[in-house]
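Working notes, beginning with the structure itself.
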Amino acid sequence: VQLQASGGGLVQTGDSLRLSCAISGRPITSYIMGWFRQVPGKEREFVAAVSWSGTNTNYADSVKGRFIVWKDDAENTMHLQMNSLKPEDTAIYYCAASDRTWGTDERSFDYWGQGTLVTVSS
């Protein structure tokens, strides 16, 4: 299983950005999919997740109401729409997949993409 994240870039405060994560090797419906982010020198933190079926989602409090996560099963791709971006959203964003359990702990995610950098300028 391979994950490929894309869509990062440099934007200004208040702008929007959409990240995508393409999965190959198995159908995306086999996995709980998640987004995590990490600022250099800090621990990686949970951002959002979407269930196998796509009907359940979960968000970190810091992004709730601003970010939307969903899957396109036909394209085997997960997306993260990020709206009203803030400088504190600046980080490397990683997509991940889990075939084990629903949760926010990165230890339950077995497969990881390479990360895509999001920079929000003030």
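This structure is a prediction, so every number in the text was calculated from the model and none was measured.
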Between Trp52 (side chain only) and Ser30 (backbone N and O only), is there a donor and an acceptor less than 3.5 Å apart? yes

Tell me if a side-chain donor or acceptor on Thr77 pairs with a main-chain N or O of Glu75 at a distance below 3.5 Å. yes

Would you say Thr116 and Ser6 make side-chain contact, with heavy atoms under 4.5 Å? no

Please determine whether the number of non-hydrogen atoms from other residues, nucleotides or ligands lying under 6.0 Å from atom NZ of Lys42 exceeds 12. no

Using the side chain to side chain contact (heavy atoms under 4.5 Å, CB included) rule, take Phe67 and Leu85 through it: C-alpha gap first, then chi angles, then the decisive distance, then the call. CA-CA 9 Å; Phe67 290 12; Leu85 282 162; 3.9 Å; yes

Search all heavy atoms of Thr90 against all heavy atoms of Val39 and return the closest pair with its distance. O-CG2, 3.3 Å

Arg44 versus Gln38, closest heavy-atom pair with distance: N-NE2, 3.8 Å

Do Trp70 and Val50 make a side-chain contact, defined as non-hydrogen atoms from C-beta onward lying under 4.5 Å apart? no

N-O pairing of Lys86 and Asp89 below 4.0 Å: no

Are Met78 and Phe109 co-members of a hydrophobic cluster defined by side-chain heavy atoms under 4.5 Å apart? no

Go through the steps for Asp99 and Arg26 under the test side chain to side chain contact (heavy atoms under 4.5 Å, CB included), then give the verdict. CA-CA 11 Å; Asp99 56 9; Arg26 286 182 64 185; 4.0 Å; yes

Please lay out, stage by stage, how Val63 and Met82 fare under the test side chain to side chain contact (heavy atoms under 4.5 Å, CB included). CA-CA 8 Å; Val63 306; Met82 304 186 295; over 6 Å; no

Between Ala48 and Leu80, the two heavy atoms sitting closest are CB-CD1, 4.1 Å

Any side-chain heavy-atom pair of Thr104 and Tyr59 under 4.5 Å: no

Below 4.5 Å, heavy atoms only, C-beta onward: do Lys71 and Thr29 meet side chain to side chain? yes

Which of parallel (below 30°), tilted (30 to 60°) and perpendicular (above 60°) describes Phe46 and Phe36? perpendicular

Is Leu3 close to Met33 at the side-chain level, that is, under 4.5 Å between some pair of heavy atoms? yes

Are any side-chain N or O atoms of Gln114 and backbone N or O atoms of Gln4, one a donor and one an acceptor, separated by less than 3.5 Å? no

Could you tell me whether the side chain of Ser84 and the main chain of Gly14 form a donor-acceptor pair under 3.5 Å? no

Is a side-chain N or O of Ser98 found less than 3.5 angstrom from the main chain of Ser108, in a donor-acceptor match? yes

Should the ring pair Tyr111 and Tyr31 be called parallel, tilted or perpendicular, given that the plane angle runs from 0 to 90° and is split at 30 and 60? perpendicular

Thr119 side, atom OG1; Gln12 side, atom CD - distance, nearest 0.5 Å: 12.5 Å

What pair of heavy atoms forms the shortest contact from Arg100 to Arg107, and how long is it? NH2-O, 2.8 Å

Please check if atom CD in Gln2 has more than 12 non-hydrogen atoms from other residues, nucleotides or ligands closer than 6.0 Å. no

Group every Ile, Leu, Val, Met, Phe, Trp and Tyr by side-chain heavy-atom contacts under 4.5 Å, then state whether Ile68 and Ile32 land in the same group. no

Find out if a path of hydrophobic residues (ILVMFWY) with successive side-chain heavy-atom gaps under 4.5 Å connects Val118 to Trp112. no

Could you check whether any side-chain N or O of Asn76 sits under 3.5 Å from a backbone N or O of Ile23, counting only pairs where one atom can act as donor and the other as acceptor? yes

Using atom types as modelled and distance alone, determine if a side-chain donor or acceptor of Ser24 lies under 3.5 Å from a backbone N or O of Val1. no

Specify the closest pair of heavy atoms between Asn83 and Ser16, including all atoms of both residues, with the distance to one decimal. OD1-OG, 3.0 Å

For the hydrophobic clusters of this structure (ILVMFWY residues joined by side-chain heavy atoms under 4.5 Å, transitively), does one cluster hold both Leu117 and Leu19? no

